[in-house]
Structures are given as structure tokens and as C-alpha cells.
2 protein chains.
Amino acid sequence: MASASLQEAVSVLKSTNVRMTPQRHAILEFLHSSMSHPTADDIYKSLEERFPNMSVATVYNNLRVFKDAGIVKELTYGDSSSRFDCVTSDHYHVICNDCGKIVDFHYPGLDEVETLAEHVTGFDIEDHRMEIYGTCPECTKMSKQ
Amino acid sequence: MASASLQEAVSVLKSTNVRMTPQRHAILEFLHSSMSHPTADDIYKSLEERFPNMSVATVYNNLRVFKDAGIVKELTYGDSSSRFDCVTSDHYHVICNDCGKIVDFHYPGLDEVETLAEHVTGFDIEDHRMEIYGTCPECTKMSKQ
DNA sequence: TCTTTATTTGTAATTCTTATAATCTATTCT
DNA sequence: AGAATAGATTATAAGAATTACAAATAAAGA
Ligand SMILES: [Mn+2]
Ligand SMILES: [Mn+2]
Ligand SMILES: [Zn+2]
Ligand SMILES: [Zn+2]
């Protein structure tokens, strides 16, 4: 459940000297309740009713704190703003070219790719990233109408 | 050779109604002579002696023209500025976490990943991107000293 | 050469993100 | 509990990358 891993995230933070504030907890909560890999601005907007005075800097600050603590991953896609994922176990993402939707995709790691890259380039390979792009079922349905 | 594909690129542009200007040719030339996947600013700086009055907007404008014509690919890595690749045939990139160097890496397409993603998510998959990260031989040598 | 229209240039605007300093508050110490 | 400490929040300015815009320029064809 999301609430279980939220509790885990809170205790990870408490184990370092990170204080628990209402804003911080709300950001964590939103991340764990959302499956949509939100942007900093998504988070900011979703909390502006509960925290009318919250600064967008607070969102960014906390996302960095979470990243440093290893409880959140940042997904960077270049052209637009970063997205944040509270699922830190290894997985890939399938992204819709039309609406931008991001869906988790589990696949065994591409070890042989890393091994070959190491042999061919002489690099000491540490990891890789992969995203798969296409059109989601909803957008396909739309375009057929 | 680079000059052969440069000629190709020029004729692709001429086949649409894209005019050949000195600035445009110089940007193309630099892209084809460089193996380093330069940023817009790299290109701009490399040409400021030959074209002291060139605007950085011209570099961006032309990179977009090249992209639209299919003779240049944009590589987006999120945190920093885009890089541009005049090798448009399919290949992957190995990137050094220390110095940022980008090296081409040829590998057969990951068709089975795309197929599985299609089955699992219901997306109509079009393509994917992958980058492999590690430490380049030079940086490894440095750190051992 | 003349005309048309794409292109360049200089600058302002935009977007995303970070830096800064003052204020506030969670936690600790007495 | 009350005060001290140090971390957190806020508001705002600054930064970097990129794009928009309009005026000036120049490529290509007639
Ligand atoms: Mn995910
Ligand atoms: Mn390349
Ligand atoms: Zn979609
Ligand atoms: Zn390196």
C-alpha cells in the first residue's frame, strides 16, 4: 500500500536529522497517493488550498531533500520540467507522445547491454536509463473517432 | 566521411525550400566535423570568430530547421542544455558521469522490450530511448592517481 | 537587376529552477 | 515549561536555457 511506503519514507527521513513539517508531510503524501509522476508545479498546485502561503521553493527544496535521502527519484525529460517518482525500486517508464502520460513498466535489467557497452567503450558502466514512447490506449481511441 | 554526409545534408535542405546561408552552412559543418555532440552554445562559441555578429537565436533557429528536416537529432538530458547529433542512424549513447563525455554505442534495437511494453501497457509503441552511464577510461585513470 | 520571401539579428520574454535573507518553528537543553 | 539552537519556510531576486518578435538583411529565381 501507499501508506506503508509513506511511513517508511517518513522514518527514513527521521533517521537523518530531517524535521517533519506539515508542508513536507503533505508533499510526501501527495507523491505517494499519486501514480502520475507529478512535476514540482503539480505538487505546488495540488497543495495551494491546504497551504495558501506555501512557496514553490519549499516544494523544490523538499524534493531535493527526498532525493538526497533516496526516497524519491527525479525523472528528467529535457524539454519540459522534471517529474518525481516515489517508487524507488528499479522500473522503466512508458510515455504517451500525445498526452504525456507516464506508466510504470517492469522489465528485467538490461545487463547484457551494459556488459557490451563496457567492452566496446572501455567505460566503467554504472547504470542506464530507458524510456519507451508511443500512444496510450485512450489517445489511440480518441484519434480513431 | 563527414564531408559526404555534409553534402547529403545540404541537398536534403535544398530539396525543401531552405536557403543556404553562410551561418547555416557553418553550423552544419561544425556539427559534422565534431564527434562531441555539441550544445547550441558550443556551436555558437565555436563560430563567434568567423561570425562575430551571429545571434544565438540563429543557432537555435537552424538547429530546429535541421531537426525538422531530419538531418539532426536533439539529445535531451534534462538537467542541462540539449545536445545535437548529426548522425541520424539509430544508435545509443554512453555518457560519462564525471566529465559528461558522450560516446556512440551501436546495439541491435530492443524489439522485445517494445513488444512486451505494448502487451503489458496497451500502448501503441513507436520507439524508445536508452542511455548508458558510467565513468570513461580517462576519468577512471584520473581518479586512480 | 529586381522581387519575393526566407533568414538573421538584437532584444525582450518565458519557463524552470536555484540563491538569498528574513522570519518562523520543530526539537533539544536547562 | 521556557529558552536556545538549528533547520525550514517564505518571498523575492537571480540564473540559465530557450523562444518570440519585429526590423533589417540577403538568398534564389525571374
Ligand atoms: Mn515510476
Ligand atoms: Mn551519437
Ligand atoms: Zn495519451
Ligand atoms: Zn569522463
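Residue numbers begin at 1 in each chain, while the letters A, B, ... track the order of the sequences.
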With DNA chain D as reference, determine whether B:Phe84 or A:Arg24 sits nearer its 5' end, using the nearest nucleotide of each. A:Arg24
I want to verify a distance call: between D:dA11, C:dT17, C:dT8, whose nearest atom is closest to the A:Ala57 side chain? D:dA11
Is the closest side-chain donor-acceptor distance between A:Thr58 and A:Gln23 under 3.5 Å? no
Checking contacts here: which listed nucleotide (C:dC16, C:dT8, D:dA20) is nearest the side-chain heavy atoms of A:Ser81? C:dC16
Can you find a side chain N or O atom of A:Thr58 that sits less than 4.0 Å from OP1 or OP2 on D:dT10? yes
Ring-plane angle category for A:His91 and A:His37, please: parallel below 30°, perpendicular beyond 60°, tilted otherwise. tilted
Between B:Val18 and B:Asp41, which is nearer to the 5' end of DNA chain D once each is assigned its nearest nucleotide? B:Asp41
Within the 4.0 Å heavy-atom criterion, would you say B:Ser82 contacts the bases, only the backbone, or no part of the nucleic acid? sugar-phosphate
Rounded to whole Å, the CG-C1' distance (B:Leu63 to D:dT19) equals 13 Å
Does B:Asn61 put a side-chain nitrogen or oxygen below 4.0 Å from OP1 or OP2 of D:dA20? no
Got a donor-acceptor pair under 3.5 Å from the side chain of A:Thr21 to the base of D:dA8? no
Given atom CE of B:Met20 and atom P of C:dT8, what is their separation to the nearest angstrom? 10 Å
Phosphate-side-chain proximity, B:Thr39 and D:dA17, N/O vs OP1/OP2 below 4.0 Å: no
Hey, is the side chain of A:Arg19 pairing donor to acceptor with the base of D:dA6 inside 3.5 Å? yes
Has the side chain of A:Arg64 got a donor or acceptor that lies under 3.5 Å from a partner of the other kind on the base of C:dT18? no
DNA chain C: A:Ala40 or B:Phe51, which has the more 5' nearest nucleotide? B:Phe51
From CD1 of B:Ile27 over to P of C:dT8, roughly how many Å is that when rounded to an integer? 7 Å
Atom pair distance, as rounded to whole Å: CG in A:Leu28 and C1' in D:dA8: 14 Å
In this structure, how many angstroms lie between the C1' atom of C:dT5 and the CG atom of B:Asn17, rounded? 9 Å
May I ask you to check whether B:Thr39 and B:Asp42 show a side-chain donor-acceptor distance below 3.5 Å? yes
Does a donor on one side chain and an acceptor on the other come within less than 3.5 Å for B:Glu126 and A:Asn97? yes
Between atom CE in A:Met54 and atom P in D:dT12, what is the gap in whole Å? 16 Å
Whole angstrom value for the distance that separates C1' of D:dA11 from OH of A:Tyr60: 16 Å
Between B:Val56 and B:Pro22, which is nearer to the 5' end of DNA chain C once each is assigned its nearest nucleotide? B:Pro22
Choose from D:dT9, D:dA11, C:dT8 the nucleotide whose nearest atom is closest to any side-chain atom of A:Gln23. D:dT9
Tell me yes or no: between the side chains of A:Asp90 and A:His106, is some donor less than 3.5 Å from an acceptor? no
What heavy-atom pair brings A:Tyr92 and A:His128 nearest, and what distance separates the two atoms? OH-NE2, 2.6 Å
Take the protein atom CD1 of B:Ile43 and the nucleotide atom P of D:dT18, then report the distance between them rounded to whole Å. 11 Å
